[in-house]
Amino acid sequence: MSAHDKGTLLSVRKLTMRFGGLTAIDDLSLEVPAGKITGIIGPNGAGKTTLFNCLTGFYKPTTGTLRLAHPVRGELRLEKLPSHRVARDAQVVRTFQNIRLFPKMTVLENLIVAQHNVLQRASKFSIAGIFKLPGYRQAERAAIERAAMWLERLKLTHLADDPAGALPYGIQRRIEIARALCVDPVLLCLDEPAAGLNPRESAELNELLLYLCGELDIAILLIEHDMSVVMNVSDHIGVISYGRKIAEGTPEQVRNDPEVIKAYLGEDEDEAEEAIARKIAAEGSNEEGQPA
Amino acid sequence: MSAVVFARHAMTPAERLRDAGWVAFVGLILGVPLIGLTTVDVGGRLGVETRFGLLAAFVAAAFAGRLALRWGIDHMRNRKLAREQASTTTAAQRAHGAQRLVNIVGWVALGASIALPIVYSDNRYVVDTATTVLIYVMLGWGLNVVVGLAGLLDLGYVAFYAVGAYSYALLSTQYGWGFWEALPVSGALAASFGILLGYPILRLRGDYLAIVTLGFGEIIRVILVNWTEFSGGPNGISSIPRPSFFGLEFTRRPAEGEQTFAGFFGLDFSAMHRLIFLYYLILVLALLTHVFVSRLRKLPVGRAWEALREDEIACQAMGMNTTNIKLSAFAIGAMLGGFAGVFFAARQGFISPESFTFTESAIILAIVVLGGMGSQMGVVLAATLLVLIPEFGRNFSEYRMLLFGAAMVLIMVWKPGGLLSHREPTVRLQATGAAASDKEGAR
């Protein structure tokens with residue numbers, strides 16, 4: 001975990017996302033520090049993935065702002081960018097809860113496609129590419145080397161030429177992370193990266209996340225249900241329920257927060273959700289909040 | 001391992017002999033009336049003659065053939081089983097072998113297509129049919145970009161073919177443009193129509209996209225039928241100039257102050273010269289298309305097309321501008337269709353909206369799907385089959401299209417992914433299959 005504070009990378013202010021009558025995210029504010037791992041937890045349907053979709057341009061938030069302090073390009077307003085520019089210009093890259101690889105393409109191709117914008121520029125509207133000019137070939141070699149580097153680091157090299165869709169689930173998860181890394185992210189948003197992983201794979205994931213954050217200075221936003229991952233790697237955790245933030249703090253603080261324990265960690269899920277609903281209802285009528 | 005395999009599938013030699021003996025026996029019984037006895041004309045009356053020598057040869061052939069067939073089937077089965085059970089070869093290696101075979105077939109096909117007009121230099125029918133095959137190959141390669149690579153189902157592809165054909169027809173008859181000047185302009189025009197079609201349907205996918213493209217194809221055709229002042233309406237455009245061989249016309253008598261092809265080379269005039277020239281012209285155009293599309297496929301734009309087919313949302317999450325990717329696929333596909341259209345107009349000398357009906361779109365799409373989406377060699381195979389089956393089917397007169405339909409159904413049942421469904425990666429980390437197997441061994 002990073003030792004010193006590098007300021008805020010992303011600040012979410014009063015974010016609200018409504019779908020017709022349903023409010024998926026309700027007046028949510030959150031700070032994502034640079035160079036650290038921020039965990040987002042909450043029961044199913046709490047609005048975690050919706051938050052990611054707002055962040056990465058797939059949804060346009062109903063109200064609220066998403067300010068990214070980009071280290072090179074300065075302040076960017078993510079809510080105003082279309083999804084491909086969020087990845088290309090703001091370098092906020094995400095993975096998906098239900099893995100979205102390019103299944104018929106090989107693992108290596110998946111990683112090269114992620115470097116599309118760099119290569120497309122080098123191919124000069126494909127003209128340099130068609131005639132295999134040296135400039136383009138050099139760029140292509142660099143892209144392959146970069147992909148090979150990530151494959152090596154994520155122990156995927158022996159699978160490089162296999163179609164991605166044919167590989168086991170846990171490996172597909174790793175490929176998706178490798179592919180996201182090939183976009184050169186400033187902020188990496190991982191949507192349940194440990195889902196479907198066995199304990200050993202989860203431990204490896206922890207190691208990888210700490211490496212990315214500690215050595216490469218990539219800020220990570222992590223949605224996760226696997227507590228062994230979230231609690232061990234996160235510097236900071238936000239707890240969301242029914243689209244609202246119910247708690248925030250270090251893993252220690254969140255773990256010991258009576259509301260969170262009662263609402264989320266300690267009881268089974270049905271009871272937890274009821275408890276949270278009661279808490280929100282109580283907050284609505286009484287600012288002090290009643291013990292549930 | 002191999003003992004188990006053999007016990008399950010092969011027969012002993014004695015069993016094989018008995019099996020072949022039975023077949024020979026059936027052959028003998030059938031053969032006596034069919035081959036052994038024959039009628040001859042003996043002085044105006046019918047007489048019967050025996051041909052036991054031929055019968056013996058027939059029975060022997062049945063015996064040997066059955067033995068060979070059984071042996072062949074068992075051998076193939078064993079090999080397949082051994083391959084499946086002893087997984088010494090990886091999927092990647094097998095795919096590599098398949099790709100090498102496809103490459104060899106490709107070179108053989110290229111050699112055959114270059115030699116064809118030389119062998120059949122006086123057979124108009126063969127050269128004409130081969131030219132038609134090549135037009136469909138080129139159209140198939142063009143549509144392959146849109147449907148096979150980018151995964152955008154286009155049912156109105158014939159519209160771009162029509163744009164190309166009418167551009168050349170109008171430019172040449174109205175403004176006196178030659179074939180080679182009109183070719184790039186017509187291609188560019190078709191490409192702009194591709195972009196024009198692409199814009200309104202950027203957000204559509206699958207069925208909805210197919211319906212809109214279908215409508216676009218019909219709009220172009222209906223405009224051509226009804227706008228008589230522009231396109232000649234249902235009468236079409238006739239006496240479109242034929243392409244010349246570097247300025248040498250393929251006519252019997254030279255025009256004022258010009259030379260004919262036959263005159264220049266000191267040959268006797270033959271109508272076949274033009275046909276053979278047209279054949280080689282479309283062969284060159286098709287080969288250029290092939291090289292162009294294969295190269296594009298290995299470039300960022302080609303990979304982006306394939307990624308778009310695989311998952312559009314993931315493309316956006318990787319920072320790819322899907323609008324540009326879709327439009328480029330439509331534009332390039334349309335341009336290639338336009339080139340084919342120019343050639344079509346120049347070859348026929350006459351075009352009318354009749355040639356650009358929905359059936360044409362359907363056939364081109366069938367070529368791409370039957371060939372295996374995205375496979376360049378598959379398109380060649382499917383185009384050859386789809387043009388030749390109706391040609392061979394002429395003997396069956398009214399059942400011709402039935403045969404055509406049945407063949408398509410059979411291919412899809414037998415090979416649901418198309419004739420060549422194997423996809424060759426655009427880039428490999430390991431250069432060859434051998435390197436991969438070394439790694440397998442090391443693990």
Side-chain angles (χ1 to χ4, degrees), chain A residues 56-58 82-91 93-96 99-110 112-123 125-126 128-132 136 139-140 143-144 147-148 151 157-158 160-166 176 179-180 182-183, chain B residues 90-93 95-96 149 151 291-325 328 332 373-374 417 421-433 435-443:
Chain A
T56 49
F58 285 96
S83 54
H84 73 272
R85 288 197 53 205
V86 169
R88 191 186 69 193
D89 301 342
Q91 290 168 280
V93 187
R94 70 175 294 187
T95 65
F96 294 86
I99 309 175
R100 283 183 176 272
L101 291 172
F102 306 120
K104 282 189 193 147
M105 304 177 87
T106 66
V107 176
L108 179 66
E109 283 176 310
N110 267 274
I112 303 260
V113 167
Q115 303 175 56
H116 174 80
N117 289 313
V118 178
L119 280 173
Q120 182 69 358
R121 229 169 291 133
S123 82
F125 300 105
S126 300
I130 285 270
F131 297 106
K132 296 189 178 165
Y136 171 71
E140 193 183 34
I144 294 174
L151 287 174
T157 306
H158 61 287
D161 296 330
D162 289 356
E176 212 188 6
R179 188 181 65 177
C182 281
V183 188
Chain B
T90 62
Q93 269 175 297
H96 203 70
L149 294 180
V291 172
F292 180 66
V293 174
S294 321
R295 286 250 168 125
L296 276 187
R297 192 180 155 246
K298 297 191 175 190
L299 290 181
V301 64
R303 287 197 201 101
W305 289 338
E306 288 200 81
L308 184 75
R309 176 193 68 200
E310 298 291 297
D311 197 323
E312 189 174 343
I313 303 245
C315 281
Q316 288 170 0
M318 295 298 107
M320 289 148 79
N321 186 341
T322 49
T323 303
N324 290 354
I325 296 168
S328 67
I332 301 239
M373 302 264 252
S421 52
H422 165 67
R423 178 183 173 278
E424 177 68 5
T426 56
V427 57
R428 283 176 183 280
L429 197 59
Q430 282 105 14
T432 59
S437 71
D438 285 348
K439 274 200 112 63
E440 292 290 329
R443 269 194 303 152

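No hydrogens, no waters, no symmetry mates; every other heavy atom, side chains included, goes into these values. Numbers restart at 1 for each chain; the letters A, B, ... are given by sequence-line order, proteins then strands.
Taking every heavy atom of both residues into account, B/Arg423 and A/Lys104 meet most closely at NH1-O, 3.4 Å. Looking at every heavy atom in both residues, A/Gln91 comes nearest to A/Arg88 through CG-O, 3.9 Å. Nearest heavy atom pair, residue A/Tyr136 against residue B/Pro300, reads OH-CD, 3.1 Å. For A/Val93 against B/Ala317, the heavy-atom pair with the smallest separation is CG1-O, 4.0 Å.
Contact annotation for A/Leu101: only backbone heavy atoms (N, CA, C, O) come within less than 4.5 Å of a heavy atom of chain B. Both the backbone and the side chain of A/Leu119 come within less than 4.5 Å of a heavy atom in chain B. In this structure, no portion of A/Glu176 lies under 4.5 Å from any heavy atom of chain B. No part of A/Thr56 comes within reach of chain B, as not one of its non-hydrogen atoms sits under 4.5 angstrom from that chain. For A/Val183, the part sitting under 4.5 Å from any heavy atom of chain B is the side chain, from C-beta outward, and nothing else.
By number of non-hydrogen pairs under 4.5 angstrom with chain A, the leading residue of B/Cys315, B/Ala307, B/Gly302, B/Pro425 is B/Ala307. Contact count against chain B (heavy-atom pairs under 4.5 Å) is highest for A/Glu109 among A/Glu109, A/Arg179, A/Gln120.
No side-chain heavy atom of B/Val427 sits under 4.5 Å from any side-chain heavy atom of B/Lys298.
Panel note: side chain A/Asn110, backbone A/Thr106; a donor-acceptor pair is recorded below 3.5 Å.
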